[in-house]
Visitor: 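Quick one: the structure is below, questions incoming.
Here the structure is a predicted model, which means the values were calculated and not measured.
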Amino acid sequence: MLITIDNVLSDDELGTVHSLIQQSQWASGQLTAGIQAAQVKNNQQLPEDAPHLPALRHLVLNALQRSPLFFTAALPLKILPPFFNRYSGASNTYGFHTDNAMRLVPQQPGTYVRSDVSATLFLSKPQDYDGGVLTIEDTFGTHGVKLQAGSLVVYPSSSIHAVTPVTRGERIACFLFLQSMVRDPGQRRLLYDMDMALLKLRGELGETPPVVQLTGTYHNLLRRWAES
Ligand code: NI
């Protein structure tokens with residue numbers, strides 16, 4: 001299931017992100033890739049010791065916290081600190097790969113987060129670069145994703161995905177992994193569909209007894225499936 005969420009970052013926040021990134025030095029993207037992924041990964045990334053990385057991470061996590069849609073789509077339990085990458089020039093692509101299932105938490109040796117959900121927050125305007133399409137394969141085929149600056153796509157970490165070569169300009173993005181309260185993507189999907197339908201029903205009908213009852217069913221399913 002792919003879910004896109006628009007305007008996760010405000011224009012002001014986007015401005016701050018770009019100004020902090022402009023003051024930063026890029027390093028090789030090989031830093032966070034697993035063995036298979038490293039063979040097809042050719043981009044750049046902000047290193048863990050980049051001075052502005054904590055501020056950038058804080059800004060993005062803060063924005064995600066404001067988004068009820070992100071919460072219901074991902075049901076985040078533990079979010080790994082977000083990473084920032086750039087595709088441009090000769091470092092411009094990431095071939096088909098799968099994300100590592102278990103990821104070390106930066107600066108916390110021996111602590112792992114299971115990646116259930118991956119997300120990409122687009123930071124560059126789509127008209128400022130050619131290519132750079134996030135291509136995700138799922139059971140319904142291949143999807144190409146290229147969003148407005150400040151918009152986010154959420155997808156299962158279990159999918160095979162790639163970023164097509166950037167042939168003009170630069171594509172800067174933030175990507176993150178999280179462990180979901182609900183491990184199974186099928187169960188997450190059911191909960192998301194139900195929650196979105198409930199939102200509409202509540203808008204159309206108000207808190208009628210059946211709406212309250214269905215809301216209870218949503219929470220009881222979450223109670224049954226969620227780990228904390
Ligand atoms: Ni990936």
Side-chain angles (χ1 to χ4, degrees), residues 1-4 21 24-50 52-53 56-57 60 74 76 78-124 126 128-147 151-180 183-185:
M1 172 177 70
L2 261 72
I3 296 161
T4 60
I21 283 177
S24 303
Q25 298 285 325
W26 294 96
S28 164
Q30 298 279 327
L31 291 168
T32 53
I35 294 169
Q36 184 271 325
Q39 292 173 23
V40 290
K41 188 174 189 183
N42 178 24
N43 64 1
Q44 291 178 302
Q45 196 165 310
L46 288 189
E48 279 306 308
D49 60 359
H52 296 300
L53 191 57
L56 286 162
R57 285 176 162 166
V60 169
K78 298 177 197 167
I79 306 181
L80 266 183
F83 301 99
F84 294 80
N85 62 15
R86 175 169 77 165
Y87 295 80
S88 66
S91 300
N92 64 357
T93 190
Y94 197 166
F96 279 103
H97 67 281
T98 186
D99 296 331
N100 276 6
M102 301 304 295
R103 310 203 65 110
L104 267 174
V105 181
Q107 277 127 37
Q108 288 183 40
T111 308
Y112 286 86
V113 165
R114 190 185 64 230
S115 64
D116 296 321
V117 174
S118 299
T120 297
L121 175 61
F122 288 75
L123 297 172
S124 298
D128 288 351
Y129 61 96
D130 290 333
V133 177
L134 174 62
T135 306
I136 303 168
E137 289 180 351
D138 73 8
T139 45
F140 295 108
T142 303
H143 308 270
V145 184
K146 184 167 175 174
L147 302 179
S151 295
L152 181 86
V153 61
V154 175
Y155 56 99
S157 301
S158 51
S159 68
I160 304 281
H161 53 273
V163 176
T164 64
V166 170
T167 53
R168 176 186 64 88
E170 62 174 18
R171 174 197 191 270
I172 293 173
C174 169
F175 64 103
L176 58 107
F177 307 102
L178 63 91
Q179 183 167 331
S180 178
R183 179 184 201 149
D184 180 78

Visitor: Is there a donor-acceptor pair closer than 3.5 Å between any side-chain N or O of Ser157 and the backbone N or O of Tyr155?
Guide: no
Visitor: Could you walk me through whether Phe83 and Leu176 pass the side-chain contact (heavy atoms from CB on, under 4.5 Å) check?
Guide: CA-CA 6 Å; Phe83 301 99; Leu176 58 107; over 6 Å; no
Visitor: For Leu152 and Ala119, which heavy atoms make the closest approach, and how far apart are they?
Guide: CD1-CB, 3.9 Å
Visitor: Nearest 0.5 Å, please: how far is OG1 in Thr167 from CG in Asp130?
Guide: 4.5 Å
Visitor: What distance separates Ile172 CD1 from Ser88 OG, expressed to the nearest 0.5 Å?
Guide: 7.5 Å
Visitor: So, the side chain of Ser180 versus the backbone of Asp116: is there a donor-acceptor pair under 3.5 Å, distance only?
Guide: no
Visitor: First locate atom CZ of Arg103, then atom CZ of Phe177, and finally report the distance between them rounded to the nearest 0.5 Å.
Guide: 3.5 Å
Visitor: Pair Leu121, Phe175 - check side-chain contact (heavy atoms from CB on, under 4.5 Å), show working.
Guide: CA-CA 6 Å; Leu121 175 61; Phe175 64 103; over 6 Å; no
Visitor: Think Arg168 forms a cation-pi with Tyr129, using NZ or CZ under 6.0 Å from the six-ring centre and within 45 degrees of its axis?
Guide: no
Visitor: Is there side-chain contact between Thr98 and Ser158, with heavy atoms separated by less than 4.5 Å?
Guide: no
Visitor: Are Tyr112 and Val105 packed together at the side-chain level, in the sense that at least one heavy-atom pair is separated by less than 4.5 angstrom?
Guide: no
Visitor: For the residue pair Tyr94 and Asn85, establish whether any side-chain heavy-atom pair is separated by less than 4.5 Å.
Guide: no
Visitor: To check you understand the geometry: which heavy-atom pair defines the closest contact between Val153 and Leu147, and what is its length?
Guide: N-CD1, 3.9 Å
Visitor: Would you say Gln44 and Ser91 make side-chain contact, with heavy atoms under 4.5 Å?
Guide: yes
Visitor: Can you check whether Arg114's main-chain N or O pairs, donor with acceptor, with Gln179's side chain at less than 3.5 Å?
Guide: yes
Visitor: Give me the atom names and distance for the closest heavy-atom approach of Thr142 to Thr135.
Guide: CG2-CG2, 3.3 Å
Visitor: Do Thr93 side-chain atoms and Val163 backbone N/O form a donor-acceptor pair below 3.5 Å?
Guide: yes
Visitor: Are any side-chain N or O atoms of Ser115 and backbone N or O atoms of Asn100, one a donor and one an acceptor, separated by less than 3.5 Å?
Guide: yes
Visitor: Going through the checks in order, is the side-chain contact (heavy atoms from CB on, under 4.5 Å) test met by Ile160 and His97?
Guide: CA-CA 5 Å; Ile160 304 281; His97 67 281; over 6 Å; no
Visitor: I'd like to know whether Thr111 forms a side-chain contact (heavy atoms from CB on, under 4.5 Å) with Leu104, so could you lay out the CA-CA distance, the side-chain angles of the two residues, the decisive distance to 0.1 Å, and finally the verdict.
Guide: CA-CA 6 Å; Thr111 308; Leu104 267 174; 5.8 Å; no
Visitor: For the pair Gln30 (side chain) and Ala38 (backbone), establish whether a donor and an acceptor sit closer than 3.5 Å, ignoring hydrogens and angles.
Guide: yes
Visitor: Can you name the nearest heavy-atom pair linking Glu170 to Ser124, along with the distance?
Guide: O-OG, 3.5 Å
Visitor: Could you go step by step and tell me if Asn92 and Tyr87 meet the side chain to side chain donor-acceptor pair (under 3.5 Å) rule?
Guide: CA-CA 4 Å; Asn92 64 357; Tyr87 295 80; over 6 Å; no
Visitor: Could you tell me if the ring centre of Phe96 sits under 6.0 Å from that of His161?
Guide: no
Visitor: I need the minimum non-hydrogen distance between Arg57 and Pro106, along with the two atoms involved.
Guide: NH2-CG, 4.3 Å
Visitor: Hey, what do you get for CG (Leu2) to CD1 (Ile136), rounding to the nearest 0.5 Å?
Guide: 4.0 Å
Visitor: Can you tell me if Thr164 uses its side chain to pair, donor with acceptor, with the backbone of Gly132 under 3.5 Å?
Guide: yes
Visitor: Counting only N and O atoms by type, is there a donor-acceptor contact under 3.5 Å from the side chain of His52 to the main-chain atoms of Ala50?
Guide: no
Visitor: Starting at OG of Ser151, measure out to CZ of Phe122 and round the result to the nearest 0.5 Å.
Guide: 9.0 Å
Visitor: Has the side chain of Asp138 got a donor or acceptor atom that lies under 3.5 Å from a matching backbone atom of Phe140?
Guide: yes
Visitor: Quick one: does Lys78's side chain have a donor or acceptor within less than 3.5 Å of a partner on Leu178's backbone?
Guide: no
Visitor: Looking only at heavy atoms, what is the nearest atom pair of Asp99 and Ser118, with distance?
Guide: OD2-OG, 3.0 Å
Visitor: To the nearest 0.5 Å, tell me how far Leu134 CG sits from Arg171 CZ.
Guide: 6.0 Å
